[in-house]
Amino acid sequence: MDHNVKVFEDVSTIPEDPTNILVGSVESLTEWLTKNGYPVPEAVDLLQYNQFLGRPIAESTMEDFSEWIKTVNREWINRYPTFIKPKSSIKAFTGFVPTDTLTLQVYTHGYNGPIWMQGFVSIVSEYRCYVSNNKIIGMKHYSGDCLVYPDSQFIKNCFEHSKTILDYHSYTLDFGILENGQTILIEVNDGWAIGNYGLEPLQYYLFVRDRWLQMTGIRKKMDHMF
């Protein structure tokens with residue numbers, strides 16, 4: 001598309017310009033948005049997708065969870081593992097299953113905010129569905145057995161539900177297939193700082209660009225601007 005591209009290492013060197021499209025980590029782009037007075041979107045509330053999760057989920061705080069894991073029986077933890085991830089701070093730490101207070105401290109990097117507690121499920125295959133301007137533009141396998149496929153009707157139902165609650169120009173829906181063949185929604189990710197698992201370069205550029213320009217106030221409508 002004949003655009004100039006500049007590689008950066010220090011995001012603070014990028015001047016404030018709402019027409020710039022930044023591609024990078026959540027941390028660096030959050031720094032740029034904050035410095036230049038743009039709101040940083042919170043993570044999508046998974047409770048809005050409760051009927052698609054296929055596992056129990058509850059909100060807690062790191063403080064309460066830390067106290068709980070200190071007192072709960074180790075045998076119980078091993079029998080009923082709990083997966084945790086940040087609720088609103090995107091990628092504050094990578095979701096995992098803690099087994100004791102030490103692993104909790106090490107892998108959460110001092111995070112002390114709200115978290116999701118989720119029942120542990122065994123996922124054999126994972127796919128990322130890319131949505132842009134209220135259209136599914138691609139779905140890419142990224143983990144597990146690539147020959148184990150998700151339920152297409154389940155994906156369509158989840159996508160239709162998303163259109164009623166999200167006004168993002170771009171986002172992703174991550175789906176998992178369990179050992180029993182059931183398809184579940186793993187998580188929903190905003191499109192402003194998201195990995196590309198196989199979209200064609202032009203598709204990925206438009207995907208990121210449309211959400212980024214929505215966030216900086218340049219784009220209003222959900223249609224591609226060439």
Side-chain angles (χ1 to χ4, degrees), residues 24-35 38-124 126-129 142-144 154 158 161-162 164-168 171-180 182-195 215:
S25 68
V26 170
E27 293 80 7
S28 63
L29 302 193
T30 296
E31 179 184 337
W32 189 91
L33 290 168
T34 303
K35 174 188 174 185
Y38 296 103
V40 179
E42 290 190 351
V44 176
D45 184 352
L46 280 178
L47 286 181
Q48 297 181 93
Y49 288 86
N50 198 34
Q51 68 266 43
F52 299 100
L53 298 179
R55 60 198 184 277
I57 182 172
E59 181 181 353
S60 185
T61 65
M62 186 60 71
E63 181 179 2
D64 287 346
F65 185 80
S66 180
E67 288 301 315
W68 173 80
I69 205 170
K70 286 179 184 177
T71 59
V72 73
N73 184 281
R74 174 59 65 89
E75 181 180 345
W76 194 96
I77 293 178
N78 292 335
R79 187 173 181 183
Y80 303 104
T82 300
F83 178 87
I84 67 169
K85 63 177 292 185
K87 177 180 182 292
S88 53
S89 300
I90 302 173
K91 301 301 183 184
F93 65 87
T94 300
F96 71 109
V97 177
T99 55
D100 51 47
T101 54
L102 179 59
T103 57
L104 187 65
Q105 293 169 0
V106 170
Y107 291 107
T108 58
H109 312 295
Y111 176 78
N112 198 34
I115 60 171
W116 290 121
M117 298 172 55
Q118 303 178 42
F120 179 80
V121 289
S122 182
I123 299 173
V124 298
E126 300 181 26
Y127 286 81
R128 171 161 290 177
C129 182
Y142 66 90
S143 182
F154 182 92
C158 189
H161 177 72
S162 296
T164 68
I165 59 177
L166 294 182
D167 64 353
Y168 300 165
Y171 59 92
T172 63
L173 301 167
D174 287 358
F175 296 99
I177 303 91
L178 305 184
E179 291 178 335
N180 64 4
Q182 178 187 357
T183 298
I184 65 168
L185 176 70
I186 299 175
E187 63 181 357
V188 184
N189 290 297
D190 204 336
W192 60 277
I194 193 72
M215 290 167 52

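A quick note: this is a predicted structure, and the numbers were derived from the prediction, not measured. Numbers here are sequence positions counted from 1.
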Please identify each residue that fulfils salt bridge (charged side-chain N to carboxylate O under 4.0 Å, His left out) with [X], with sequence neighbours left out.
| X | result |
| --- | --- |
| Asp45 | none |
| Glu67 | Lys70 |
| Lys85 | Glu187 |

In the structure I gave you, are the side-chain heavy atoms of [X] and [Y] within less than 4.5 Å of one another anywhere?
| X | Y | answer |
| --- | --- | --- |
| Thr30 | Leu33 | no |
| Val44 | Ile165 | no |
| His161 | Tyr49 | yes |
| Arg128 | Ile194 | yes |
| Leu178 | Ile123 | yes |
| Tyr127 | Ile186 | no |
| Val188 | Ser162 | no |
| Tyr107 | Pro98 | no |

Flag yes if more than 12 heavy atoms outside Gln48 fall under 6.0 Å of its CD atom; otherwise flag no.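 Yes - once you tally the heavy atoms of other residues, nucleotides and ligands closer than 6.0 Å, there are more than 12.
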### Query
Within a radius of less than 6.0 Å around CD of Gln51, do more than 12 heavy atoms belonging to other residues, nucleotides or ligands occur?
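Yes, enclosed.
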query: Below 6.0 angstrom between ring centroids: does that apply to Phe52 and Phe154?
result: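 Ring centres of Phe154 and Phe52 closer than 6.0 Å.
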Review point. Could you walk me through whether Phe65 and Thr108 pass the side chain to side chain contact (heavy atoms under 4.5 Å, CB included) check?
Key: CA-CA 12 Å; Phe65 185 80; Thr108 58; over 6 Å; no
What closest approach, in Å, do [X] and [Y] show between heavy atoms, and which atom pair accounts for it?
| X | Y | value |
| --- | --- | --- |
| Asp190 | Pro41 | OD2-CB, 3.5 Å |
| Trp192 | Met215 | CB-SD, 3.2 Å |
| Leu185 | Asp174 | CD1-O, 3.4 Å |
| Ile184 | Val121 | CD1-CG2, 3.9 Å |
| Tyr111 | Lys87 | OH-N, 4.2 Å |
| Ser60 | Met117 | CB-SD, 3.5 Å |

Rounded to the nearest 0.5 Å, how far does [atom2] of [Y] lie from [atom1] of [X]?
| X | Y | atom1 | atom2 | answer |
| --- | --- | --- | --- | --- |
| Thr103 | Asp100 | OG1 | CG | 4.0 Å |
| Phe175 | Glu126 | CZ | CD | 12.0 Å |
| Thr172 | Tyr142 | OG1 | OH | 8.0 Å |
| Ile69 | Leu104 | CD1 | CG | 5.5 Å |
| Phe96 | Ile84 | CZ | CD1 | 4.5 Å |
| Met62 | Ile115 | CE | CD1 | 5.0 Å |

